[in-house]
**Student:** 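Below: one structure in structure tokens.
Small disclaimer: the values here were computed from a predicted structure and weren't measured. Counting starts at 1 for both ligands and their atoms, following the listed order.
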Amino acid sequence: MTKTAAIIGGGVIGGGWAARFLLNGWNVRVFDPDPEAGRKIGAVLDNARRSLPGLGNVALPAEGQLSWHATIAEAVEGADWVQESVPERLELKQKVYGELQQHVGQGAVIGSSTSGYKPSQLQDGFANAAQIVVAHPFNPVYLMPLVEVVTTEANTPEVIAKAKEIITGIGMYPLHLKKEIDAHVADRFLEAVWREALWLVKDGIATTEEIDNAIRYGFGIRWAQMGLFETYRVAGGEAGMKHFLAQFGPCLSWPWTKLMDVPEYNDELVELIAGQSDAQSGQYSIRELERIRDDNLVGIMRALGANDWGAGALQNAHDAARMGEAGLARSMAEVDDITQPVQTLNRVVPLDWTDYNGHMTESRYLDAFAQSTDRLMEIIGCDAEYIANGGSYFTAETHIRHLDEVHAGDPIQVRTRVILGQGKKMHLWHEMFSGERLLATGEHMLLHVDLKTRRSAPPAPHVEANLVALAEAHAALPAPDGLGRAIGASR
Ligand SMILES: NC(=O)c1ccc[n+]([C@@H]2O[C@H](COP(=O)([O-])OP(=O)(O)OC[C@H]3O[C@@H](n4cnc5c(N)ncnc54)[C@H](O)[C@@H]3O)[C@@H](O)[C@H]2O)c1
């Protein structure tokens, strides 16, 4: 059954939550008194629709319904999750919680996006305190997976479990803090970096651009893939973390950090920082910067996914959880009807698959077909465990026909036929569609290989039996148009 999220406050963050829920199939009901809120959420949604669906390798569910409501009471009707993202002022938030207390159903979780307040400050005095948790996201909420979940003794284990389950279900990562603390974990950390950066600019050591370069050409790339401690463990060399601490521990008493000492906030500091920031980035509009940011985030997370690491591994787990709903089988038993071509890919063309012509670049057709071949291999039993035990299929020959173009954000599906599956040979015919439009065909000959000798060898009997079963069932279908064609051959 479609679930419903109520979004109270639809600015930068509320809009991002709305997009995250909507694109994961939830109905979304918004309350925001600003007459401009519709336009603002529309802009966030445009960015989200452009970048999120292609982030993973499995299609998301159909979008939910977005609706606007004139009051909080109406917006929270039937909501399973309420996300409060009003401006960061405690008295305003408490006023909103006063209203939520009267109208939110008992089974719902109320999450606050607050960057700084503790959950006890939001729960204070409200009869439904058990329902209120901090669910602190990161901008852009539709792409960044982290949500800091902060709770108190007032929250029941059921509410906490439900909060984590829902956050995981929309492709995010709930980091449940052991205790509440002002500004949670990640913002404490960012604040320390921010303080040092302000000093470095104020003291004329580096400009805003040079500081950004110090991050993005150096430690920022490391942090995105291993964080802080694992990075330093590697930096300690073979002797590991203890050696690293011994080497750099004494620095803790050196004047490397200004700790809690902050520069005075005044017009001069604002002019200095804002002026340098304009010089650095003023040639781009905010919309352009958002899109560059999103393209980069998608590219980085997809690269991490290829190594099943960090934020990429998280996305892969979300993809795996979605396979059944997306119509992708993992075994013969899960194939609906073996007499028909098997669906082996159901995804959206990601942002990083397009080229200077503005459409999916040729090498990605092979990438997509290779993903389909991998899926078929898993279905017949040539899965990770089988491969680890020394058997696999290697591609010997490929012929791709590019019949129609497709763009980033478009859905693509591949349906696969087994033309021959006997002995060492696996002859596959993939057809790639967007809806009913045929985009490409891929004909592939693969050979089963013994990974120890790297030479062709017969597959295990159960793998061959599954392949033969598919080949025999598919033989009853009319021969595919274009099968066996060479380049230049006429139809
Ligand atoms: N901007 C960030 O990077 C970021 C990141 C994580 C969390 N947060 C937190 O998210 C919350 C919202 O921040 P933002 O950056 O989206 O601010 P924002 O100013 O972009 O959005 C706030 C929205 O709330 C609306 N609003 C005001 N009063 C309201 C009311 N009574 N009921 C419903 N809506 C109301 C405003 O019209 C506006 O659209 C804050 O608590 C902030 O700390 C911000």
**Student:** Taking a 3.5 Å cut-off between nitrogen or oxygen atoms, can you list every pair linking ligand 1 to the protein, with distances?
**Tutor:**
{"from": "ligand 1", "atom 1": "8 (N)", "to": "S115", "atom 2": "OG", "distance (Å)": "3.1"}
{"from": "ligand 1", "atom 1": "16 (O)", "to": "V12", "atom 2": "N", "distance (Å)": "3.3"}
{"from": "ligand 1", "atom 1": "16 (O)", "to": "I13", "atom 2": "N", "distance (Å)": "2.9"}
{"from": "ligand 1", "atom 1": "20 (O)", "to": "V12", "atom 2": "N", "distance (Å)": "3.1"}
{"from": "ligand 1", "atom 1": "37 (O)", "to": "D32", "atom 2": "OD1", "distance (Å)": "2.7"}
{"from": "ligand 1", "atom 1": "37 (O)", "to": "D32", "atom 2": "OD2", "distance (Å)": "3.4"}
{"from": "ligand 1", "atom 1": "39 (O)", "to": "D32", "atom 2": "OD2", "distance (Å)": "2.6"}
{"from": "ligand 1", "atom 1": "41 (O)", "to": "V86", "atom 2": "O", "distance (Å)": "3.4"}
{"from": "ligand 1", "atom 1": "41 (O)", "to": "E88", "atom 2": "OE1", "distance (Å)": "2.5"}
{"from": "ligand 1", "atom 1": "41 (O)", "to": "K93", "atom 2": "NZ", "distance (Å)": "2.7"}
{"from": "ligand 1", "atom 1": "43 (O)", "to": "E88", "atom 2": "OE1", "distance (Å)": "2.9"}
{"from": "ligand 1", "atom 1": "43 (O)", "to": "S115", "atom 2": "N", "distance (Å)": "3.2"}
{"from": "ligand 1", "atom 1": "43 (O)", "to": "S115", "atom 2": "OG", "distance (Å)": "2.7"}

**Student:** Please tell me if the side chains of I8 and I72 come closer than 4.5 Å, counting only heavy atoms from C-beta onward.
**Tutor:**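 They are in contact (side-chain heavy atoms under 4.5 Å apart), so the answer is yes.
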**Student:** Evaluate the ring planes of W223 and F219, with Trp represented by its six-membered ring, and classify them as parallel (under 30°), tilted (30 to 60°) or perpendicular (over 60°).
**Tutor:**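 Answer is tilted, since the angle falls between 30° and 60°.
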**Student:** Taking side chain to side chain donor-acceptor pair (under 3.5 Å) as the test, write out the residues that go with T208, two or more places apart.
**Tutor:**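 Expected list: Q280.
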**Student:** Pairs of donor and acceptor atoms involving the side chains of residues 307-314, under 3.5 Å and at least two apart or interchain, shall be tabulated with distances.
**Tutor:**
{"from": "D308", "atom 1": "OD1", "to": "N316", "atom 2": "ND2", "distance (Å)": "2.9"}
{"from": "W309", "atom 1": "NE1", "to": "Q225", "atom 2": "O", "distance (Å)": "2.7"}

**Student:** Quick one: ring-ring contact (aromatic ring centres under 6.0 Å, His included) partners of H243, sequence neighbours excluded?
**Tutor:**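 Checked H243 against ring-ring contact (aromatic ring centres under 6.0 Å, His included); zero matches.
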**Student:** CZ of R233: more than 12 outside heavy atoms within 6.0 angstrom?
**Tutor:**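 Open: at most 12 neighbouring heavy atoms sit under 6.0 Å from CZ of R233.
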